[in-house]
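Note on naming: letters A, B, ... go to the chains in the order of the sequence lines (proteins, then strands), and numbering restarts at 1 for each one.
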Amino acid sequence: MDIRSQVSMVFHLDKCIGCHTCSIACKNIWTDRKGTEYMWWNNVETKPGTGYPTKWEDQDKYQGGWEKRDGGKLGLRSTGKARVVFNLFHNPHQPGLDDYYEPWTYKYEELFNAPEGDDQPTARPISMVTGKYIDIEAGPNWDDDLSGSPVYAENDPNLSALTPEQRAQLSAIERLVFFYFPRICNHCLNPACVASCPSGALYKRGEDGVVLIDQKRCRGWRSCVAACPYKKSYYNWNTGKSEKCILCFPRIETGQAPACFHSCVGRIRYLGVLLYDADRIDEIAGRPDNELVDAHRELIVDPHDPAVIKAARENGIQDDVIRSAQKSPVYKFVKEWKIALPPHIEFRTLPMLFYVPPMLPVMSSFDGKTVKNMSEGLFPDFDKARAPIEYLGKLFGAGNNSKVRYVLKKQMAIRTYRRAVTVGDVDMEHAEGMLREADCTVGEAEAIYKLTSLCTFEDRFVIPPAHREEAIEMVADPLEYKQSVGFGFKEEVKRGL
Amino acid sequence: MAQNTNILDYFNLFWFAVLPYVALFTFLLVTIQRYTRRGFTYSSLSSQFLENKVHFWGLVPFHYGILTILFGHLLGFLIPRQVLLWNSDPLRLHILEVTAFIGGIFTLVGLVNIVIRRLVDPRAKVVTSTADWVVISILLFQVGTGLLVAIFNSWGSSWFAASITPYFWSLLSFRPDIAFVAPMPLMVKLHIISAYFLILLFPFTRLVHALVIPNPYLWRKPQLVRWYWDRRKIRTPGFKVKRK
Ligand code: HEM
Ligand code: SF4
């Protein structure tokens with residue numbers, strides 16, 4: 001047993017209102033520099049939709065993630081030891097600017113400088129890359145709220161799991177259904193980006209599992225951009241280095257939630273430590289698709305188990321980090337309640353950001369006159385829901401729909417139960433029957449309800465103490481650096497000639 | 001040489017006995033200084049992200065070509081005897097010469113595409129600096145003279161091994177002997193001088209990317225974890241902080 005700790009995340013999709021506040025918070029702090037204008041370390045997509053960069057989930061196009069080779073060994077789809085030598089000069093799987101979008105601003109001064117005339121002056125858009133006038137053709141959120149569905153939503157790679165009838169149903173006017181899908185780097189346990197880097201510039205921090213790119217070691221070969229199946233590593237065309245979400249580690253180290261978490265209006269985000277057994281990563285990442293969700297959960301160990309605590313201590317994990325793991329909201333969602341699922345686990349990077357799939361208030365249908373519940377049993381029939389379960393199963397279950405059905409059932413039961421408690425128009429016996437059928441106790445239902453609806457800042461973000469101060473003391477005298485800019489490298493971040 | 005010194009001798013002395021040392025030492029010192037002080041600037045400075053169509057037809061032939069040729073020069077420099085032995089058979093001589101020539105053509109075609117790309121594509125222009133043009137110009141000159149030499153002074157693989165290699169070794173042993181290069185045709189001299197300029201400018205330009213080729217990848221483990229401290233030590237009472 002090789003116990004390590006990982007700062008992990010849960011996004012509760014039922015609570016996401018698609019306001020993009022998270023994206024803006026991140027952009028303002030990290031990616032408002034030259035060369036990063038097009039990057040959205042945090043972005044919010046409308047699903048169904050093609051996302052950002054366009055169709056990132058389609059690995060036939062982008063070749064991201066791992067694949068099982070003959071003999072069961074995992075290999076990167078985009079690169080490998082033999083291939084890297086030939087692909088260094090031209091990366092065959094590198095997405096280009098147009099796969100994202102060309103960032104732009106407006107010539108605002110034209111509003112003021114325009115000579116007097118009969119027409120309103122306009123601020124024309126100019127490219128933030130070339131500085132020239134452009135016709136805007138795409139943006140990071142071009143298909144927000146299903147706009148342009150025939151071009152975007154209908155090309156969602158996940159729709160391949162659906163029958164033609166289901167697809168037609170999904171896009172029929174007045175039956176449309178969508179939800180939001182906020183995405184950041186998953187800080188994976190088996191990161192494809194790290195494994196792909198020819199220079200060894202990417203690494204996982206041992207203490208908290210944050211995946212980072214060493215800006216000084218990065219030589220701009222762009223392998224990580226191609227290898228990450230979530231397309232969460234980006235190339236800065238100005239500095240010639242790749243960059244990615246850093247999970248706001250300077251904030252985490254000082255006990256603050258990452259900017260996107262902190263600013264989240266819908267309060268959909270949870271952050272906490274998970275302990276896992278690093279010895280089993282390879283074995284778990286190689287399991288068959290339909291076992292992956294459970295296997296991933298197996299990898300995460302119980303922070304209350306004395307054997308785990310002992311192993312963690314032996315590995316040098318601090319007691320307060322272990323205590324933090326015991327209070328982790330992520331542990332509850334993922335492991336105890338089993339209602340948070342990893343996105344596209346079939347890419348086999350073992351992402352450590354989990355999603356509570358959305359219920360979508362479309363369990364009933366409208367035939368023009370009456371709203372009907374389409375089921376006789378306690379539960380509505382999830383398989384007849386307007387958002388086909390296969391769709392969510394493709395996103396969050398690697399095709400194993402039963403994982404999603406379990407979550408939806410539990411959430412539905414809790415809603416009914418809470419309605420029985422607060423409104424009282426539902427029979428309590430009926431509600432408790434639903435809970436039983438959904439593998440949930442009254443106590444658990446209350447706990448889930450609390451952490452979902454009434455959670456405070458401290459409930460949502462249980463940030464482990466970093467103890468970085470001790471690390472610094474080991475290598476340098478902190479007083480020596482007093483009043484200077486920091487302990488990192490202090491070189492000007494400037495493009496070479 | 002002392003008796004009938006004329007201006008041409010000084011000329012030769014400067015280009016073939018002084019310049020190489022200036023170039024070599026600048027190369028060594030600046031490369032190291034840049035690596036330690038401004039290591040951040042070591043990057044391929046790729047522009048594939050901005051322009052991805054012509055890119056392939058420029059960068060790929062160029063690099064395959066230039067690396068083949070560099071390797072060829074290196075062989076002639078390190079194992080001249082074996083090269084001469086190989087060339088003793090006309091068929092093998094032809095194989096070697098044709099391979100080298102094709103390498104040169106690849107490099108040239110690649111370079112031309114690189115130039116076109118940087119002139120025409122508005123996005124590629126954004127990341128084109130003066131230094132890039134200097135590098136590209138010298139490379140064009142280098143490859144151009146190289147190809148002309150191959151055409152007009154053929155069997156270079158043999159005479160390089162026989163005459164240029166001893167000259168290089170004389171430079172490296174700090175007893176420069178320009179007797180080998182002085183009588184060379186002008187084109188060959190230009191080719192050598194331009195090579196020295198390449199070496200001289202190398203550490204100041206993007207060419208440094210060729211020095212940081214990622215060899216450890218081939219034998220390292222896929223996953224990398226960095227620990228900031230050995231926490232076992234930190235938990236040991238009495239552990240002493242090491243001050244530098
Ligand atoms: C040793 C292995 C080498 C590797 C792995 C390598 C790799 C690269 C890469 C990745 C780029 C950026 C291409 C892009 O825009 O995406 C590049 C550009 C370039 N390389 Fe190399 N290179 C190598 C050797 C060399 C050598 C020996 C030379 C010449 C002496 C050279 C000259 C150049 C030049 C001039 C460019 C810029 C091309 C342009 O203007 O777009 N490279 N190289
Ligand atoms: S999502 Fe995973 S593979 Fe992608 S950048 Fe993050 S750690 Fe790397």
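- A 6.0 Å sphere centred on OH of Y21(B) holds more than 12 heavy atoms belonging to other residues, nucleotides or ligands.
- Atom OH in Y217(B) sits 4.5 Å away from atom OG1 in T79(A) (nearest 0.5 Å).
- Of the listed residues V225(A), N238(A), T239(A), L88(A), the one with more heavy-atom pairs under 4.5 angstrom with chain B than any other is T239(A).
- For K73(A), the NZ atom is loosely surrounded, since the number of other residues' heavy atoms within 6.0 Å does not exceed 12.
- The minimum heavy-atom distance between S43(B) and G240(A), with the atom names listed, is OG-O, 2.6 Å.
- Taking CZ of F89(A) as the start and OH of Y64(B) as the end, the distance is 6.0 Å to the nearest 0.5 Å.
- Within 6.0 Å of atom CH2 in W57(B), 12 or fewer heavy atoms from other residues, nucleotides or ligands are found, so the atom counts as exposed in its surroundings.
- The side-chain heavy atoms of R4(A) and V225(B), taken from C-beta on, include a pair separated by under 4.5 Å.
- If you measure heavy-atom distances from L201(B) to chain A, you find no contacts under 4.5 Å at all.
- Screening K494(A), K241(A), R217(A), R495(A) for a side chain to side chain contact (heavy atoms under 4.5 Å, CB included) with F40(B), the sole residue that qualifies is K241(A).
- Using cut-offs of 30° and 60° on the angle between ring planes, the pair F49(B) and Y38(A) is tilted.
- Contacts between V127(B) and chain A at a heavy-atom distance below 4.5 Å involve backbone atoms as well as side-chain atoms.
- Contact check for L218(B) versus V84(A): side-chain heavy atoms found under the 4.5 Å cut-off.
- Of the possible donor and acceptor atoms, one in the side chain of S44(B) sits under 3.5 Å from a partner among the backbone N and O of G220(A).
- Atoms CD and NE2, on Q94(A) and H55(B) in that order, are 8.0 Å from each other to the nearest 0.5 Å.
- Taking I213(B), T130(B), T205(B) one by one and counting their heavy-atom pairs under 4.5 Å with chain A, the maximum is reached by T205(B).
- Considering only heavy-atom pairs separated by less than 4.5 Å from chain A, the leading option among L207(B), L45(B), N52(B), V126(B) is L45(B).
- Between L59(B) atom CG and N91(A) atom CG the span is 11.5 Å, to the nearest 0.5 Å.
- Taking R37(B), Q48(B), R206(B), R38(B) one by one and counting their heavy-atom pairs under 4.5 Å with chain A, the maximum is reached by Q48(B).
- Taking CD of E207(A) as the reference point, atom CZ of R226(B) lies at 11.5 Å (rounded to 0.5 Å).
- Side-chain contact between K204(A) and Q223(B) is absent, with no heavy atoms from C-beta onward closer than 4.5 Å.
- With a 6.0 Å radius and a threshold of 12 heavy atoms from other residues, nucleotides or ligands, Y196(B) has its OH atom above the threshold.
- Heavy-atom contacts from other residues, nucleotides or ligands closer than 6.0 Å to CZ of F71(B) number 12 or fewer.
- Only the side chain of R34(B) has a heavy atom closer than 4.5 Å to any heavy atom of chain A.
- Using a 4.5 Å cut-off between heavy atoms, Y100(A) contacts chain B through its side chain alone, with no backbone atom that close.
- Both the backbone and the side chain of F56(B) come within less than 4.5 Å of a heavy atom of chain A.
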Exercise for review: Show the numbers, then the answer: is there a side chain to side chain contact (heavy atoms under 4.5 Å, CB included) between H209(B) and R219(A)?
Suggested key: CA-CA 8 Å; H209(B) 74 283; R219(A) 308 290 178 214; over 6 Å; no
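- Closest heavy-atom contact between A195(A) and R220(B): O-NH2, 3.5 Å.
- A 4.5 Å side-chain heavy-atom check between L97(A) and E51(B) finds every atom pair outside the cut-off.
- From L212(A), atom CG reaches atom CG of L224(B) across 12.5 Å, with rounding to the nearest 0.5 Å.
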